[in-house]
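Shown next, in structure tokens, is the structure this report addresses.
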Amino acid sequence: MQDLVKAAIAARAKAHAPYSKFFVGAAMRDEHGHVHGGCNIENAAYPQGWCAEPSAISHLIMAGGTKVTEVVVMGNGDTLCTPCGGCRQKIREFAKGDVKIHCCTESGALIQTFTLDQLLPASFGPENLT
């Protein structure tokens with residue numbers, strides 16, 4: 001998990017959060033074992049910004065990954081920062097319910113680990129459309 005933590009710390013350092021001052025970093029491991037980081041990027045037109053998790057998913061897809069197998073998310077200080085509802089659904093598109101989502105402090109210390117099913121119970125995913 002330490003490689004994910006390092007990638008999330010590096011991504012968080014690049015976050016663009018001039019309005020909220022809430023800097024978020026995320027990192028995801030794909031099915032090939034590669035790590036992909038992402039940060040939140042705010043926009044003056046608030047709904048136009050995006051969260052760290054879809055930023056990491058974008059990197060994962062662009063690198064040829066198709067599955068998320070593990071996630072780290074961190075916000076400011078020692079505050080628990082879990083993916084928002086929209087990000088939980090975005091992760092669900094590429095992850096199974098047993099995927100672990102580790103929530104860390106901004107320094108990388110583990111606060112709590114959840115499964116995606118714990119954060120998004122009875123979820124709707126790609127298999128619901130087959």
Side-chain angles (χ1 to χ4, degrees):
M1 183 178 97
Q2 283 308 103
D3 56 344
L4 286 170
V5 170
K6 287 179 184 176
I9 289 171
R12 185 181 175 279
K14 295 180 180 181
H16 177 75
Y19 310 107
S20 72
K21 307 290 190 232
F22 194 79
F23 302 90
V24 181
M28 299 181 182
R29 188 179 320 283
D30 68 21
E31 72 274 24
H32 307 293
H34 300 129
V35 174
H36 310 276
C39 62
N40 61 318
I41 303 170
E42 294 179 350
N43 188 294
Y46 287 113
Q48 300 307 313
W50 57 91
C51 298
E53 296 87 345
S55 180
I57 290 169
S58 177
H59 285 153
L60 182 144
I61 296 301
M62 291 298 296
T66 61
K67 293 179 178 46
V68 172
T69 63
E70 190 174 15
V71 178
V72 164
V73 178
M74 61 183 57
N76 287 358
D78 295 336
T79 305
L80 178 66
C81 180
T82 62
C84 73
C87 288
R88 293 173 191 198
Q89 185 63 44
K90 287 176 179 87
I91 293 167
R92 174 64 178 87
E93 183 71 14
F94 302 98
K96 297 291 184 194
D98 62 349
V99 164
K100 291 182 179 165
I101 299 174
H102 310 287
C103 300
C104 298
T105 66
E106 70 178 76
S107 66
L110 180 64
I111 297 174
Q112 191 167 352
T113 297
F114 301 91
T115 64
L116 182 57
D117 276 345
Q118 288 175 304
L119 294 177
L120 192 66
S123 67
F124 185 89
E127 65 278 359
N128 294 102
L129 298 175
T130 58

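Keep in mind that the numbers below use all heavy atoms, side chains included, and drop hydrogens, waters and symmetry copies. Note that this is a predicted model, so its numbers are computed, not measured.
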Without swapping roles, check the side chain of [X] against the backbone of [Y] for a donor-acceptor pair under 3.5 Å.
| X | Y | value |
| --- | --- | --- |
| His59 | Gly37 | yes |
| Asn40 | Ala17 | no |
| Gln89 | Phe124 | yes |

Could you give the side-chain donor-acceptor pairs of residues 108-119 under 3.5 Å, partners two or more places apart or in another chain?
from	atom 1	to	atom 2	distance (Å)
Thr113	OG1	His102	ND1	2.8
Thr115	OG1	Gln118	N	3.1
Gln118	OE1	Thr115	N	2.7

If two hydrophobic side chains count as joined below 4.5 Å and joins carry through other members, does [X] share a cluster with [Y]?
| X | Y | value |
| --- | --- | --- |
| Phe23 | Val73 | no |
| Leu60 | Ile101 | yes |
| Val24 | Ile57 | yes |
| Phe94 | Leu120 | yes |
| Ile9 | Val35 | yes |

Non-hydrogen atoms of [X] and [Y] that approach each other most closely:
| X | Y | answer |
| --- | --- | --- |
| Met74 | Glu106 | SD-O, 3.8 Å |
| Ala52 | Gly25 | CB-C, 4.1 Å |
| Lys21 | Asn76 | O-ND2, 2.8 Å |
| Ala11 | Cys39 | O-CB, 3.1 Å |
| Ala27 | Ala8 | CB-N, 3.8 Å |

When rounded to the nearest 0.5 angstrom, what is the spacing between [atom1] in [X] and [atom2] in [Y]?
| X | Y | atom1 | atom2 | value |
| --- | --- | --- | --- | --- |
| Cys104 | Leu80 | SG | CG | 10.0 Å |
| Cys51 | Glu42 | SG | CD | 9.5 Å |
| His36 | Ser55 | NE2 | OG | 12.0 Å |

(Q) Does Asn43 have more than 12 heavy atoms from other residues, nucleotides or ligands lying within 6.0 Å of its CG? (A) yes
Q. Quick one: does Glu93's side chain get under 4.5 Å of Pro126's, heavy atoms only?
A. yes
Q) So do the side chains of Cys81 and Phe22 get within less than 4.5 Å of each other, counting heavy atoms only? A) yes
Q | Arg88 and Thr82: side chain donor to acceptor below 3.5 Å | A | yes
Q) Which of parallel (below 30°), tilted (30 to 60°) and perpendicular (above 60°) describes His34 and His32? A) tilted
Q: Could you check Gln2 against Val5 for side chain to side chain contact (heavy atoms under 4.5 Å, CB included), going step by step and ending with a plain yes or no?
A: CA-CA 5 Å; Gln2 283 308 103; Val5 170; 4.1 Å; yes
Show me the donor-acceptor pairs within less than 3.5 Å that the side chains of residues 61-69 make with the rest of the protein, sequence neighbours left out.
from	atom 1	to	atom 2	distance (Å)
Thr66	OG1	Glu31	OE2	2.8
Thr69	OG1	Arg29	O	3.2
Thr69	OG1	Asp30	O	3.4

